[in-house]
Amino acid sequence: MRRLSRHFAAFLLCSTALSLPLAAEETDGSLWLGQIVIGYAEDGTPILAGENATHLTGDDLRGATSTSDVDGLLRVQTSVFTQKDPGNPGVSVNIRGFEGSGRVAMSVDGVPQTYRLTGHAAQGYVFVDENLLSGIDITRGPVTGLGGSGIAGSVNFRTLELGDVLKDGQTQGGLVRLDHASNGDTSSGMAAAAMKAGRFDALAAISRHSGDSYADGDGVEVPDTDTDISSALVKLGYDLTETQRLTFSLMRYETDFFATSYFQHLTNDVAKIGYHYDPGSSLIDLRVNAYLATTETDWLRGSSPFASAVGRNMSTETRGLDVTNTSELRFGGWQLTSVNGIEASQDNLGGSKGGVNPTTGKARRLSAFSENVFVQGKWEITAGLRANSYRLDGEASKGTIDIKNSSLDPKLTLAYQATDWVQPYVTLSRAMRSPTLQETMLGGSHPGGGVGMIANPRLEAETEEGVELGFTLDRAGLFAAGDRLTGRVNYYNMEVENYIVSSMAFTNAFGQTGAAFVNVPGRTKTEGVEIELDYDHRAFDLGLSYTHNSSHLPSQTPGLGAGQYLPDDTVSVRLSRDFMADRLTVGAQYTHVSGGLFTDAYTSTPYQKDDSYELVDLFASYDVTEDAVIYAKVTNLFDEVYAPWLSASATENGRGRTLHVGTSIRF
């Protein structure tokens with residue numbers, strides 16, 4: 001496979017170079033472009049049809065057909081799960097059994113979220129208010145374009161845009177959302193206003209969540225699961241000319257919660273300035289973004305009077321810049337979409353009393369990327385190449401940490417339109433994940449952290465090589481006039497070299513012996529099957545998500561992070577039907593989560609745990625007007641008593657039967 005990667009990289013370098021001399025044949029039309037680009041992310045990056053991706057919209061995130069929260073919504077997507085800590089409002093995404101420390105690159109509006117914590121839970125969270133979201137973009141497998149710092153995929157949480165608030169033709173307007181859940185007596189509300197005035201536009205939104213601890217299916221309260229979240233969002237835009245636009249966004253998120261045995265106060269601030277230049281040429285669509293993100297947490301008090309970490313403060317500041325240009329070209333019988341750019345970012349740690357978590361240190365990342373989609377007739381070829389470099393430096397308890405590394409990561413997809421509705425494909429890829437400061441400097445910053453926890457100044461990056469085989473479907477008139485079946489069936493096989501896990505007896509380069517994060521020699525493998533199908537009929541809508549995962553990865557050690565294995569099988573089926581001239585929608589969702597490999601706390605030996613569970617939800621919504629919707633839903637209809645898979649604690653059960661009612665009004 002490594003020899004294949006070298007030849008593969010050479011091919012991609014050549015294919016990328018092909019796009020340089022083609023300016024004389026730039027295309028003016030772009031009817032063909034619909035075969036390749038199905039949309040653009042908020043940061044301007046094209047969403048390519050060949051990606052193994054799911055793009056959730058505002059309709060998926062809220063209203064009758066959504067689940068009770070973002071965690072629940074992500075858990076019913078193929079090969080996607082989350083680390084679930086009932087008390088922690090942060091979201092930690094697991095894709096294909098890879099979790100923590102940036103294996104899944106998470107971002108808000110394209111801004112990386114790199115807050116890490118080594119403890120008794122997930123090793124990284126994103127903190128964003130679901131009331132302020134307009135969509136979530138999930139990509140499975142390595143990403144060679146912007147945001148491709150993970151080895152398992154990426155998740156971008158998109159916040160509200162002007163079009164989410166203003167109706168067509170409006171120059172000013174507002175949006176109000178209200179929701180109440182019976183179990184835990186939890187209420188939330190959001191109000192947004194937007195306006196346009198000449199070349200200037202603005203959006204502002206505030207949101208609030210509050211509630212008590214919820215009860216499980218037996219009616220037993222799960223302590224310290226109350227909700228206390230406040231957030232705000234501001235976005236400004238100014239059209240310098242007809243071809244140039246400046247944007248600014250600022251998000252503030254604040255919460256109090258209980259997790260890892262302590263009551264904590266956390267803030268997350270994300271600021272971004274953007275520039276877009278689109279002169280109308282198919283060769284230039286330029287986007288430039290500069291950003292600053294700061295996540296900070298204070299540990300206020302512990303669950304016992306002897307808690308030693310009271311007063312702990314930890315912060316991660318991430319600042320960066322990205323530049324992306326998209327060109328559309330035609331040469332001979334081929335059409336080409338070429339996306340090229342660079343991105344650079346730096347993490348700075350801060351705080352005090354971090355314990356095993358370092359509170360000083362820097363991590364620098366620099367990448368250049370090129371992704372090129374060639375289409376001719378029934379053939380579609382995607383050739384991507386990403387060059388990465390990183391550097392970590394800081395002071396551990398016994399010496400200086402200074403690690404550098406680089407990689408050249410290619411990706412190639414060959415697809416063929418076998419019929420007008422079936423497109424088989426094969427994808428080969430390679431990706432690198434740099435170790436984090438928290439992994440490298442376990443034990444804390446100088447003069448030292450937790451007893452027995454030590455740094456590893458020679459920790460190497462993880463390298464993944466993988467293959468995917470599958471086909472996409474898009475068939476109209478399958479069983480009846482006006483119906484449509486869309487979706488994807490995919491098999492993946494991923495091998496990771498230098499996979500990083502914790503070891504309880506390691507001697508580092510400083511001569512210390514203790515617990516550390518180390519590289520596993522050789523290659524480790526995981527594989528699985530993904531099925532994502534949607535069937536639309538004039539009488540009903542049917543959706544199916546199925547994941548089978550077979551992991552041979554060595555286990556993370558719960559206690560130094562969290563277990564990462566997906567259930568062996570996850571099935572989610574959604575059925576809905578419209579009535580009253582499509583104004584009333586009623587339906588149900590069924591989810592089955594099987595058992596799978598499991599690791600107990602403070603151990604690294606996995607075993608098969610066959611505790612499965614099933615959840616049933618009912619939902620209904622009614623369009624009072626075109627801009628006013630009321631909805632109701634019942635989650636966990638049969639009061640199933642269960643501990644969510646990948647829960648921070650096997651003794652903390654999930655939420656019992658809950659009635660949700662809400663409304664969304666745009667004016």
For this session: Report the C-alpha separation of T227 and T186 in whole Å, then their side-chain angles, then the decisive distance to 0.1 Å, and conclude whether the side chain to side chain donor-acceptor pair (under 3.5 Å) test is met.
Result: CA-CA 7 Å; T227 303; T186 302; 4.6 Å; no
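- Using a 4.0 Å cut-off between a side-chain N of Lys or Arg and a carboxylate O of Asp or Glu, D627 and R666 qualify as a salt bridge.
- In terms of the side-chain contact (heavy atoms from CB on, under 4.5 Å) criterion, residue partners of H265 (sequence neighbours excluded) are, by chain and number, E254, D256, T267, L300.
- The side-chain heavy atoms of I229 and Y253, taken from C-beta on, include a pair separated by under 4.5 Å.
- When side chains are defined from C-beta on, Q564 does not count as touching F98, because their heavy atoms never get closer than 4.5 Å.
- The two atoms that bring G145 and F369 nearest to each other are CA-CD1, 3.8 Å, heavy atoms only.
- In this structure, OG1 on T159 lies 7.5 Å from CG on L133, to the nearest 0.5 angstrom.
- In terms of heavy-atom proximity, R433 sits nearest to S101 at NH1-O, 2.7 Å.
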Please output the side-chain donor-acceptor pairs of residues 168-179 that fall under 3.5 Å, not counting sequence neighbours, one pair per line with the distance.
unit_1, atom_1, unit_2, atom_2, d
Q170, OE1, K167, N, 2.7
R177, NH1, N131, O, 3.1
D179, OD2, Y631, OH, 2.4

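- Looking at L56, D60, V93 one by one, the single match for side-chain contact (heavy atoms from CB on, under 4.5 Å) with I136 turns out to be L56.
- Taking the charged nitrogens against the carboxylate oxygens, D201 and R245 do have a contact shorter than 4.0 Å, which makes a salt bridge.
- Side chains of R140 and T54 form a contact here, defined as non-hydrogen atoms less than 4.5 Å apart.
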For this session: Decide side chain to side chain donor-acceptor pair (under 3.5 Å) for R488 and T472; before the verdict, give the C-alpha distance in whole Å, the side-chain angles of both, and the deciding distance to 0.1 Å.
Result: CA-CA 4 Å; R488 179 188 299 270; T472 59; over 6 Å; no
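- Under the 3.5 Å distance criterion, with hydrogens and angles disregarded, no donor-acceptor pair is assigned to the side chains of E161 and S134.
- What you find for L542 and V573 is that their closest heavy atoms are CD1-CG1, 3.9 Å.
- Contact between G124 and S92 at its shortest, heavy atoms only, is O-OG, 3.0 Å.
- Counting non-hydrogen atoms of neighbouring residues, nucleotides and ligands closer than 6.0 angstrom, the CZ atom of R319 reaches no more than 12 such neighbours.
- Using cut-offs of 30° and 60° for the angle between ring planes, the F127 and Y125 rings count as tilted.
- Other residues, nucleotides and ligands place no more than 12 heavy atoms under 6.0 Å from the CZ atom of R484.
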Problem set entry | Worked check of side chain to side chain donor-acceptor pair (under 3.5 Å) between R75 and T591 | CA-CA 10 Å; R75 283 172 166 246; T591 301; over 6 Å; no
For this session: List the steps, then state whether salt bridge (Lys or Arg N to Asp or Glu O under 4.0 Å) holds for D322 with K272.
Result: CA-CA 11 Å; D322 60 69; K272 179 180 177 181; 5.9 Å; no
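- The cationic atom of R96 (NZ for Lys, CZ for Arg) lies less than 6.0 Å from the six-membered ring centre of Y492 and within 45° of the ring axis.
- The residues E468 and K411 are annotated as not salt-bridged, no charged nitrogen and carboxylate oxygen being separated by less than 4.0 angstrom.
- Using a 4.0 Å cut-off between charged nitrogen and carboxylate oxygen, R158 and D164 do not count as a salt-bridge pair.
- Test T547, N549, N52 against E530 for side chain to side chain donor-acceptor pair (under 3.5 Å) and you get one pass: N52.
- The CG atom of L437 sits 9.5 Å away from atom CZ of R116, with the distance rounded to the nearest 0.5 Å.
- By the 4.5 Å heavy-atom criterion applied to side chains, L73 and E130 are not counted as neighbours.
- In terms of heavy-atom proximity, P89 sits nearest to F257 at CD-CG, 3.5 Å.
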For this session: Assess whether side chain to side chain donor-acceptor pair (under 3.5 Å) is satisfied between R365 and S345, documenting all intermediate values.
Result: CA-CA 5 Å; R365 294 171 296 274; S345 64; 3.0 Å; yes
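- No side-chain heavy atom of T247 sits less than 4.5 Å from a side-chain heavy atom of H276.
- The two residues L566 and S79 have their closest heavy-atom pair at CD1-O, 4.2 Å.
- Side-chain contact of N388 with R386: a donor-acceptor pair under 3.5 Å is present, judged by distance alone.
- From T316, atom OG1 reaches atom CG of L117 across 9.5 Å, with rounding to the nearest 0.5 Å.
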